[in-house]
Amino acid sequence: MPIPGPVIPPDTITTSTNLPGNSTLVIEGDFSQYNERPKAVPAETAVYQVTASTTAQDAPAMYRCDANLAAITLTFPYSNSALGRIIHIVKVDSSANAITLAVQSGDNLWKPATLTTLTAQYQVCSFLSVTNGTATGWQCISAS
């Protein structure tokens with residue numbers, strides 16, 4: 001963006017009076033370039049297609065699990081390496097094979113007791129990497 005000429009601060013109006021003719025010159029600034037909306041930033045969430053048991057390597061991320069061929073175990077990355085980040089998991093197929101959620105040794109998986117596996121097509125859950133002051137782990141923040 002080129003550097004503009006003299007800048008009049010926002011909401012400033014400059015006047016100059018020509019005494020002999022009693023005319024007044026009013027100068028108003030064009031501030032449109034200074035009031036632009038921020039540019040959109042592309043999402044930073046990676047999307048992975050999972051068809052076999054694996055350890056998730058990235059957060060924030062969306063893991064689209066397709067268990068048509070076999071049941072899948074998705075192991076979360078170490079929570080202390082991803083504090084404050086979210087992982088979304090969705091079962092995209094309609095097979096009877098389940099998606100099992102697991103964590104690294106020493107991590108915790110804080111979730112509702114009813115959320116042991118994903119078994120239905122388009123069943124989804126989201127986890128946030130957090131600490132409770134003593135331990136780190138993955139906290140379920142939504143499930144359907």
Side-chain angles (χ1 to χ4, degrees), residues 1-18 23-144:
M1 172 182 282
I3 298 173
V7 176
I8 299 171
D11 301 325
T12 299
I13 297 176
T14 303
T15 61
S16 175
T17 303
N18 180 349
S23 60
T24 301
L25 172 66
V26 177
I27 302 171
E28 296 182 19
D30 174 11
F31 305 110
S32 60
Q33 65 181 327
Y34 301 104
N35 296 323
E36 291 181 9
R37 297 178 63 194
K39 304 293 187 256
V41 177
E44 295 179 6
T45 302
V47 178
Y48 297 96
Q49 306 299 326
V50 178
T51 57
S53 294
T54 189
T55 299
Q57 298 296 316
D58 203 8
M62 162 69 78
Y63 291 89
R64 301 184 78 244
C65 300
D66 183 342
N68 262 321
L69 300 178
I72 294 174
T73 298
L74 180 68
T75 305
F76 294 12
Y78 282 105
S79 59
N80 63 357
S81 69
L83 285 175
R85 296 186 180 177
I86 297 174
I87 289 181
H88 307 281
I89 303 105
V90 63
K91 182 180 190 303
V92 297
D93 68 280
S94 60
S95 73
N97 298 324
I99 311 298
T100 302
L101 308 175
V103 292
Q104 303 284 346
S105 176
D107 269 358
N108 296 287
L109 187 60
W110 297 302
K111 61 180 177 50
T114 56
L115 181 63
T116 54
T117 58
L118 303 182
T119 56
Q121 185 176 22
Y122 303 121
Q123 188 176 0
V124 64
C125 57
S126 298
F127 287 84
L128 175 66
S129 177
V130 297
T131 180
N132 65 5
T134 312
T136 59
W138 291 94
Q139 174 69 59
C140 180
I141 56 174
S142 74
S144 64

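Every heavy atom of this structure was used, including side-chain atoms; hydrogens, water molecules and symmetry mates were not. These numbers come from a predicted model, not from an experiment.
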Between the CD1 atom in Ile89 and the CD1 atom in Ile99, the distance rounded to the nearest 0.5 Å is 10.0 Å
Using modelled atom types and a 3.5 Å cut-off, is there a donor and acceptor pairing between side-chain atoms of Gln104 and backbone atoms of Phe76?
yes
Provide the full list of salt bridge (charged side-chain N to carboxylate O under 4.0 Å, His left out) pairs with a residue in residues 85-111, sequence neighbours left out, each pair given once.
Lys91-Asp93
Rounded to the nearest 0.5 Å, the CG atom of Asn68 sits from the OG atom of Ser94 at a distance of 6.5 Å
Within a strict 4.5 Å, meaning less than it, do heavy atoms of the Met62 and Val90 side chains meet?
yes
Residues forming a side-chain contact (heavy atoms from CB on, under 4.5 Å) with Ala102, sequence neighbours excluded:
Thr73, Thr75
Could you measure the distance from the CD1 atom of Ile87 to the SG atom of Cys140? Nearest 0.5 Å is fine.
12.5 Å
Taking all heavy atoms of Ala67 and all of Ser95, pick out the closest pair and write down the distance.
O-OG, 3.1 Å
Looking at Trp138 and Ala82, what are the two nearest heavy atoms and their distance?
CH2-CB, 4.0 Å
Looking at every heavy atom in both Asp58 and Ala46, which two are closest together, and how far apart are they?
OD2-CB, 3.5 Å
What distance do Thr54 atom OG1 and Tyr63 atom OH have between them, rounded to the nearest 0.5 Å?
8.0 Å
For Tyr48 against Ala61, the heavy-atom pair lying closest together
CE1-CB, 3.9 Å
List the atom pairs, donor and acceptor, that lie under 3.5 Å between side-chain atoms in residues 113-124 and the rest of the protein, sequence neighbours left out.
| from | atom 1 | to | atom 2 | distance (Å) |
| --- | --- | --- | --- | --- |
| Gln121 | NE2 | Val92 | O | 3.1 |
| Gln123 | OE1 | Thr119 | N | 2.7 |
| Gln123 | OE1 | Ala120 | N | 3.1 |

Nearest 0.5 Å, please: how far is OH in Tyr78 from OG in Ser105?
6.0 Å
Report yes or no: does Gln57 contribute a side-chain atom to a donor-acceptor pair with the main-chain N or O of Thr55 at less than 3.5 Å?
yes
Working to the nearest 0.5 Å, report the span between CH2 of Trp110 and CG of Leu128.
10.5 Å
Backbone N or O of Ser79 within a donor-acceptor pair of the Thr136 side chain at under 3.5 Å?
no
